[in-house]
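Since the structure comes first, as structure tokens, the remarks are kept for the end.
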Number of protein chains: 2
Amino acid sequence: MTLAEENYLKAIYHLEQQFPKGVSTNALAEEMKTKASSATDMVKKLAEKNMLTHIPYQGATLSDAGRDYAVNVIRRHRLWEVFLVEKLNFTWDEVHEVAEHLEHIQSDKLIDELDAFLGHPTNDPHGDPIPDKAGNFKHIEKIVLAKAEVGATYKCVGVDDSSSKFLKYLDSNKIALGTVITINHKEPFDNSIKISLENSEIVVSQSVAKNLYIKKV
Amino acid sequence: MTLAEENYLKAIYHLEQQFPKGVSTNALAEEMKTKASSATDMVKKLAEKNMLTHIPYQGATLSDAGRDYAVNVIRRHRLWEVFLVEKLNFTWDEVHEVAEHLEHIQSDKLIDELDAFLGHPTNDPHGDPIPDKAGNFKHIEKIVLAKAEVGATYKCVGVDDSSSKFLKYLDSNKIALGTVITINHKEPFDNSIKISLENSEIVVSQSVAKNLYIKKV
DNA sequence: TATAATTTTTAGATTTGTCTAAATTTTAAT
DNA sequence: ATTAAAATTTAGACAAATCTAAAAATTATA
């Protein structure tokens, strides 16, 4: 599996959550920031390698082998993210790019030892679960802040958008994973939400509310 | 700089120690396990990028920029080797291959933080010096075991050949970096050397003696 | 110093992953 | 049910890094 192939597998895996019936060429091209013709070429190649099935004009669906492979790449990525934050003083908005490179290094011993060195972490710095060696991982029952009930109390458990901009916004508002918040008011006009933190009360926009995952405490 | 370019720079840097007047195309091709025509192509490309000067039919010499770049790749490689041995339980014969990949990841913060995390090590697991951030490193005054004096006592400080086979040979004979040895006898017939270790006396062949670096204690 | 042997370079082809532009298929709209 | 729009695929081209085979330059030899 080449670097490009691994990146496509990962992209298809992510898109399958959103489009379980098959990932379209256009969606894949957009995710990979490339052109539809390139996506078609790669999908064909991955189909040849039995990593996915492709019905022309219909879409692509990962095979078991392809899904396993993608999950393994995700495992590598998330373990490196934990390493960067916990051992090398990276902040959660800095890790993604470097982990994109580290994730492609192929060595089972490397990843198994890294996993042990980190104490078998179950979640990466953005709250996403880390698959174990067999590819299994737990879904936490999380909801998006936008769907929170007024008056209830929640804990922040993850982000949908892990762009540097969004993460820095959260930092500057003292919102981190584990932060406990209470929903004070939902404004119907613009879908903004007023929340209480430990020492502050802030209003977050709809776009923030749609990208922050929370869980009832 | 692409991955291939970095590998060529490193190879030319190593060969310059042996051929200070210029690295020949054939020597470079052999080091890179490729063909002379490929080496020519890459040398031309690196000359375009001002990483080296190339006189056709004469050889290649790194520019200051090229040498700095090569030293930086070597720094990355050796720091990762230390990480693998000290933190992830790799043995000194297992690290090279994985470090070959890790060394190409481009992130100053990554390497600076890794360096600090490891406590600014000065030597890699094979005894080779690790350049600091500015590219400076100390040469230890070491000699090859083959040149040792009979009766004298030395400390093992490095290896010339870091192949798994050679390192495993040293392991099985309880020779590690830091091991103190005494030279008992040099056999003129086959240039083998009889040495004493802490709890044993062994005879090493000429090829071993030429690949183990030692230093007077 | 010619000539042979070796080394190096050039020329042209190949693979991977990408692109643009054109052709084809599917979906949507009238 | 046609036609228009959108999505997808195909065809052909390109850059990077490699290869083989042939040409050119250098070095060694007789």
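Reminder, nothing fancy here: chain letters follow the sequence lines and each chain counts from 1.
- There is no side-chain donor-acceptor pair under 3.5 Å between A/Asn26 and A/Ser24.
- Checked by distance alone, A/Ser37 brings a side-chain donor or acceptor within 3.5 Å of a matching partner on the base of C/dT20.
- Per the geometry, CE belonging to A/Met42 stands 15 Å off P belonging to D/dT9, to the nearest Å.
- Taking the side chain to side chain donor-acceptor pair (under 3.5 Å) definition, one finds that B/Asp161 meets it with B/Ser163, sequence neighbours left out.
- A/Glu6 has its CD atom 15 Å from the C1' atom of C/dT16, to the nearest Å.
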Report all interatomic pairs (protein N or O, nucleotide N or O of nucleotides 25-27 of chain C) with separations under 3.5 Å.
from   : atom 1 : to      : atom 2 : distance (Å)
C/dT25 : O4'    : A/Tyr57 : OH     : 3.4

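- As judged by a 4.0 angstrom heavy-atom cut-off over every strand, A/Ser38 is placed among the base-contacting residues.
- One finds a side-chain N or O of A/His54 lying less than 4.0 angstrom from the OP1 or OP2 phosphate oxygen of D/dT9.
- Remark: the B/Glu6 side chain and the B/Gln106 side chain contain an N/O donor-acceptor pair separated by less than 3.5 Å.
- OP1 or OP2 of C/dT9 lies within a sub-4.0 Å distance of a side-chain N or O belonging to B/Thr40.
- Ring geometry for B/His126 versus B/Trp92: interplanar angle under 30°, hence parallel rather than tilted (30 to 60°).
- Remark: C1' of D/dA7 and CZ of A/Phe19 are 14 Å apart, rounded to the nearest angstrom.
- Out of D/dC19, D/dT9, C/dT8, the shortest distance to the side chain of B/Thr25 is found at C/dT8.
- Here D/dT18 presents its C1' atom at 17 Å from NZ of B/Lys33, a figure rounded to the nearest Å.
- For the pair B/Tyr8 and D/dA16, the criterion of a side-chain N or O lying under 4.0 Å from OP1 or OP2 is not met.
- By the 30° and 60° cut-offs, the orientation of the rings of B/His139 relative to B/Phe137 is tilted.
- Protein atom CG of B/Leu46 is 13 Å distant from nucleotide atom C1' of D/dA16, rounded to whole Å.
- For A/Asn7 and C/dT18, the CG to C1' distance is 14 Å, given to the nearest whole Å.
- OP1 or OP2 of C/dT20 sits under 4.0 Å from a side-chain N or O of A/Lys35.
- OP1 or OP2 of C/dT10 has at least one side-chain nitrogen or oxygen of B/Lys44 nearer than 4.0 Å.
- Listed pair B/Asn26 / C/dT6 fails the phosphate criterion, with no side-chain N or O lying under 4.0 Å from OP1 or OP2.
- In the model, A/Asn7 has a side-chain atom that pairs as donor or acceptor with a side-chain atom of A/His104 under 3.5 Å.
- Note: CD (B/Glu5) to P (D/dA15) measures 15 Å, nearest angstrom.
- One atom, CG of A/Leu3, and another, C1' of C/dT16, lie 12 Å apart when rounded to the nearest Å.
- A/Arg75 pairs in a salt bridge (Lys or Arg N to Asp or Glu O under 4.0 Å) with only one of the listed residues (A/Asp108, A/Asp128, A/Asp112, A/Asp68), which is A/Asp112.
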